[in-house]
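One structure below.
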Amino acid sequence: QSALTQPASVSGSPGQSITISCTGTSSDVGGFNFVSWYQQHPGKAPKLIIYDVTNRPSGVSNRFSGSKSGNTASLTISGLQTEDEADYYCSSYSITSTPWVFGVGTQLTVL
Amino acid sequence: EVQLLESGGGLVQPGGSLRLSCAASGFTFSTYAMAWVRQTPHKGLEWVSKISGYGGGTNYADSVRGRFIISRDWSKNTLNLQMDSLKAEDTAVYYCVRHGAYGSGYYADYWGPGTLVTVSS
């Protein structure tokens, strides 16, 4: 099962908005509204920030939002803050033999 | 407070075995599906195996099927991963995760800090 495609890196300045894409296929991202996003700071475990495409867990800032169109899901971070600098991973349910697939990760730099 | 704490990682030779455990607390362990996810610098995050709540049905990634066995000890609130016939490509940080209870459930709402498994001679 191939990993979901994400840009290797994105950057933005404090206060700006950025969007990270996550591209899969009709067997995963495009076929189900089961996309989640995780934030990972160096040396730490990933943290859930979006589930089922658009839902934010309790305690996650509303600066984080998710969407999906076709086979591509997106994570948007508005009002960038220095603490947002981290790696971001998408994930999706898959109808293939591997029911849960992850993206390759995107490194966000806040300039 | 939900807590997950892995143990059992370490250095093992190719072909060897290792058993990982994850102590869970702060929630009703039996009602949640649990999983193992591993991470390497080169391949990123990779789902390894899942076990359902109550019924205990299991799933495995193609890369570990037939070599790894996931199980849960209901009395000790512990998740286990028995890893046999280990290969160099199994080298990774292994995370114990709890599947979410809302919506699809196909997301991990809590992660342990991880335990490092190194397969090398």
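Residue numbers begin at 1 in each chain, while the letters A, B, ... track the order of the sequences. Every heavy atom of this structure was used, including side-chain atoms; hydrogens, water molecules and symmetry mates were not.
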(request) Treat each ILVMFWY residue as a node, draw an edge where side-chain heavy atoms are under 4.5 Å apart, and state whether B:Ile70 and B:Leu5 are in one component. (result) no
(request) Give a yes or no on this: more than 12 heavy atoms of other residues, nucleotides or ligands lie within 6.0 Å of atom CG of B:Leu116. (result) yes
(request) Would you mind telling me which of A:Pro46, A:Gly103, A:Ser92 has the largest number of heavy-atom pairs within less than 4.5 Å of chain B? (result) A:Pro46
(request) Enumerate by number any residue of residues 30-43 of chain A whose heavy atoms lie under 4.5 Å from heavy atoms of chain B; in the absence of such residues, state 'none'. (result) A:Phe34, A:Ser36, A:Tyr38, A:Gln40
(request) Give, for atom CG of B:Asp109 and atom OG of A:Ser58, the distance between the pair rounded to the nearest 0.5 Å. (result) 11.5 Å
(message) Can you give me the closest heavy-atom contact between B:Tyr95 and A:Ala45, atom names plus distance?
(response) CE2-CB, 3.6 Å
(message) I'd like to check B:Tyr102 versus A:Asn55 (side-chain heavy atoms, cut-off strictly below 4.5 Å). Are they in contact?
(response) no
(request) Find out if a path of hydrophobic residues (ILVMFWY) with successive side-chain heavy-atom gaps under 4.5 Å connects A:Val60 to A:Val53. (result) yes
(message) Between B:Val93 and chain A, with a heavy-atom cut-off of 4.5 Å, which part of the residue counts as in contact: side chain, backbone, both or neither?
(response) neither
(request) Group every Ile, Leu, Val, Met, Phe, Trp and Tyr by side-chain heavy-atom contacts under 4.5 Å, then state whether A:Phe102 and B:Tyr94 land in the same group. (result) no
(request) Measure the spacing between OG1 of A:Thr98 and CZ of B:Arg65 and express it to the nearest 0.5 Å. (result) 7.0 Å
(request) Identify which of B:Pro113, B:Ala108, B:Gly105 forms the greatest number of heavy-atom pairs closer than 4.5 Å to chain A. (result) B:Ala108
(request) Any chance you could measure A:Trp100, atom CH2, to B:His99, atom NE2, to the nearest 0.5 Å? (result) 4.5 Å
(request) Rounded to the nearest 0.5 Å, what's the gap from CD on B:Gln39 to OH on A:Tyr89? Could you check? (result) 4.5 Å
(message) Heavy-atom pairs under 4.5 Å with chain A - which of B:Tyr110, B:Tyr107, B:Tyr60 has more of them than the others?
(response) B:Tyr107
(message) If you define the side chain from C-beta out and look only at heavy atoms, does anything of A:Ser91 sit under 4.5 Å from B:Leu45?
(response) no
(request) Considering non-hydrogen atoms only, spot the tightest contact between A:Asp52 and B:Ser104 and give its length. (result) OD1-OG, 2.6 Å
(request) Determine whether B:Ile69 and B:Val97 fall in the same hydrophobic cluster, where Ile, Leu, Val, Met, Phe, Trp and Tyr are linked whenever their side-chain heavy atoms lie under 4.5 Å apart. (result) no
(message) In this structure, would A:Val104 and A:Leu4 fall into the same cluster of hydrophobic residues linked by side-chain contacts under 4.5 Å?
(response) no
